[in-house]
Trainee: 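Input: one structure, supplied below.
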Amino acid sequence: MKLYHFPISPNSRRVVAVLHHLQLDCELEVVDLSKGEQMQPEFLKLNPNHMIPALVDGDFVLWESNAIMQYLCSKVPNTTLWSADSRVQADINRWQFWQAAHFGSACSVMIFERVVKKLFMSAEADLQEVAKGEERFHRFAQVLEQHLKGREWLVGDTVTLADFSVGSFLDLAELAQYPMTPYTEIQRWYRNIEELPAWKSSAPAAR
Ligand SMILES: N[C@@H](CCC(=O)N[C@@H](CS)C(=O)NCC(=O)O)C(=O)O
């Protein structure tokens, strides 16, 4: 298998973390977004959305990070990351969809305005956009904060794909200056993720 990724991308990192957690062999190839490599014709053949991550497994090509994570779990029978129980699976799915549709998109506004623009475009953050991102962040962070009260992990009593998906966006919390102060449960839960060997070894500097 080969995974096309970009190390600081949360969407990439969670896939790399799952590869490490499941101890699967996979070649990693960097698509340097800062150089626009995602627009190269060879990469566009793999993912016409010009986005990483993308996985190639023989003649099968898969894009969308959450779909890739689920596919990787299908290679490891009985993994606790992705349950065989339909309700537990639906619950994990719920958080992965929620991340893609709501929480991640709120975080992405601040990542784009405060990190991508600064590092790759030498441009200033648009404060109106930042304010919209923060408002959206509070709306969904409150849901996450409430859910985490009395829980160590998002679903059940062990780490699952749900934690890797939602948690991946916390990686850039400091750099993108998410308004994290009120969210002590989210901070506590993310510290659990930071302690996972697979999370440590998937850190941009560790790869
Ligand atoms: N929903 C996609 C989002 C992937 C995504 O947003 N990738 C960004 C980096 S974090 C990207 O490749 N952007 C390059 C571009 O839009 O040209 C997933 O979960 O895989």
Side-chain angles (χ1 to χ4, degrees), residues 5-18 30-39 47 49-54 63-69 94-149 153-154 161-196 199-200 202-207:
H5 76 123
F6 186 57
I8 69 160
S9 151
N11 295 306
S12 280
R13 183 177 176 185
R14 58 172 173 255
V15 176
V16 177
V18 168
V30 172
V31 177
D32 191 339
L33 301 184
S34 71
K35 296 184 182 149
E37 286 179 359
Q38 76 276 26
M39 304 306 291
N47 188 354
N49 299 291
H50 53 85
M51 284 179 171
I52 48 83
W63 35 263
E64 281 300 319
S65 56
N66 288 317
I68 298 171
M69 291 159 79
R94 172 229 308 265
W95 286 107
Q96 290 194 284
F97 280 107
W98 180 84
Q99 170 273 314
H102 305 309
F103 188 66
S105 69
C107 297
S108 294
V109 175
M110 289 173 275
I111 295 173
F112 180 73
E113 293 298 331
R114 292 190 172 128
V115 182
V116 175
K117 275 187 167 177
K118 187 171 168 191
L119 293 183
F120 304 136
M121 299 161 75
S122 303
E124 294 292 316
D126 176 332
L127 297 182
Q128 274 185 344
E129 283 302 307
V130 168
K132 278 192 225 160
E134 287 187 346
E135 194 184 325
R136 208 168 155 73
F137 178 85
H138 283 302
R139 172 175 168 184
F140 296 110
Q142 280 167 24
V143 175
L144 184 58
E145 179 79 3
Q146 269 310 111
H147 179 78
L148 286 169
K149 283 192 178 143
W153 303 106
L154 276 175
L161 291 185
D163 300 287
F164 281 121
S165 286
V166 179
S168 61
F169 271 88
L170 273 299
D171 185 21
L172 293 173
E174 220 173 310
L175 214 52
Q177 300 164 50
Y178 305 165
M180 287 296 293
T181 311
Y183 304 113
T184 53
E185 295 292 331
I186 298 179
Q187 292 175 47
R188 172 189 58 76
W189 161 76
Y190 184 60
R191 283 195 292 274
N192 293 342
I193 296 175
E194 285 183 309
E195 286 309 310
L196 297 169
W199 194 245
K200 288 185 181 165
S202 66
R207 277 179 265 152

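All heavy atoms count here, side chains included; hydrogens, waters and symmetry mates do not.
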Trainee: Using every non-hydrogen atom in the two residues, find where Pro53 and Ser65 come nearest and quote the distance to one decimal.
Mentor: CG-CB, 3.7 Å
Trainee: Go through the steps for Lys117 and Asp126 under the test side-chain contact (heavy atoms from CB on, under 4.5 Å), then give the verdict.
Mentor: CA-CA 10 Å; Lys117 275 187 167 177; Asp126 176 332; 3.9 Å; yes
Trainee: Can you see which heavy atom on Gln99 is nearest to which on Asn66, and at what distance?
Mentor: OE1-ND2, 3.0 Å
Trainee: Identify, with sequence neighbours excluded, every residue that meets side chain to side chain contact (heavy atoms under 4.5 Å, CB included) alongside Arg94.
Mentor: Asp91
Trainee: Nearest heavy-atom pair of Val30 and Glu37: which atoms, and what distance?
Mentor: O-OE1, 3.8 Å
Trainee: Could you tell me the separation between the OG atom of Ser108 and the CG atom of Asn11, rounded to the nearest 0.5 Å?
Mentor: 6.5 Å
Trainee: As an exercise, state the distance from CG of Asp163 to CG of Leu196, rounded to the nearest 0.5 Å.
Mentor: 8.0 Å
Trainee: Would Val115 and Phe120 count as a side-chain contact (heavy atoms from CB on, under 4.5 Å) if you check the C-alpha gap in whole Å, the side-chain angles of each, and the deciding distance to 0.1 Å?
Mentor: CA-CA 8 Å; Val115 182; Phe120 304 136; over 6 Å; no
Trainee: Can you tell if the side chain of Pro204 reaches within under 4.5 Å of the side chain of Phe6, non-hydrogen atoms only?
Mentor: no
Trainee: Below 4.0 angstrom, N of the basic side chain to O of the carboxylate: do Glu185 and Arg188 qualify?
Mentor: yes
Trainee: Apply side chain to side chain contact (heavy atoms under 4.5 Å, CB included) to Ala131 and list each qualifying residue two or more places apart in sequence or on a separate chain.
Mentor: none
Trainee: Enter the distance from Thr181:OG1 to Gln187:CD here, rounded to the nearest 0.5 Å.
Mentor: 7.0 Å
Trainee: Between His5 and Val31, does a side-chain contact (heavy atoms from CB on, under 4.5 Å) hold up when you go through it step by step?
Mentor: CA-CA 6 Å; His5 76 123; Val31 177; over 6 Å; no
Trainee: Using side-chain hydrogen bond (donor to acceptor under 3.5 Å, both in side chains) as the criterion, list what pairs up with Glu129, not counting sequence neighbours.
Mentor: Lys132
Trainee: Return the set of residues passing side chain to side chain contact (heavy atoms under 4.5 Å, CB included) with Ala162 (not counting sequence neighbours), or none when no residue passes.
Mentor: Ile92, Trp95, Leu154, Val155, Thr160
Trainee: Could you measure the distance from the CH2 atom of Trp63 to the CG atom of Asn49? Nearest 0.5 Å is fine.
Mentor: 4.5 Å
Trainee: Do any side-chain atoms of residues 133-141 form donor-acceptor pairs under 3.5 angstrom with protein atoms, and if so which ones, sequence neighbours left out?
Mentor:
{"unit_1": "Glu134", "atom_1": "OE2", "unit_2": "Arg114", "atom_2": "NH2", "d": "3.2"}
{"unit_1": "His138", "atom_1": "ND1", "unit_2": "Tyr183", "atom_2": "OH", "d": "2.6"}

Trainee: Can you tell me if Glu145 uses its side chain to pair, donor with acceptor, with the backbone of Thr184 under 3.5 Å?
Mentor: yes
Trainee: What's the separation between atom CD in Gln146 and atom CD1 in Ile186, rounded to the nearest 0.5 Å?
Mentor: 10.5 Å
Trainee: When rounded to the nearest 0.5 angstrom, what distance separates CD in Gln96 from CZ in Arg14?
Mentor: 8.0 Å
Trainee: Ignoring hydrogens and angles, write down the donor-acceptor pairs under 3.5 Å from the side chains of residues 170-180, residues two or more places apart or on other chains.
Mentor:
{"unit_1": "Asp171", "atom_1": "OD1", "unit_2": "Arg13", "atom_2": "NH1", "d": "3.0"}
{"unit_1": "Asp171", "atom_1": "OD2", "unit_2": "Arg13", "atom_2": "NH1", "d": "3.0"}
{"unit_1": "Tyr178", "atom_1": "OH", "unit_2": "Phe169", "atom_2": "O", "d": "2.6"}

Trainee: Mind listing the closest non-hydrogen atom pair of Val16 and Ser202 along with its distance?
Mentor: CG1-CB, 3.9 Å
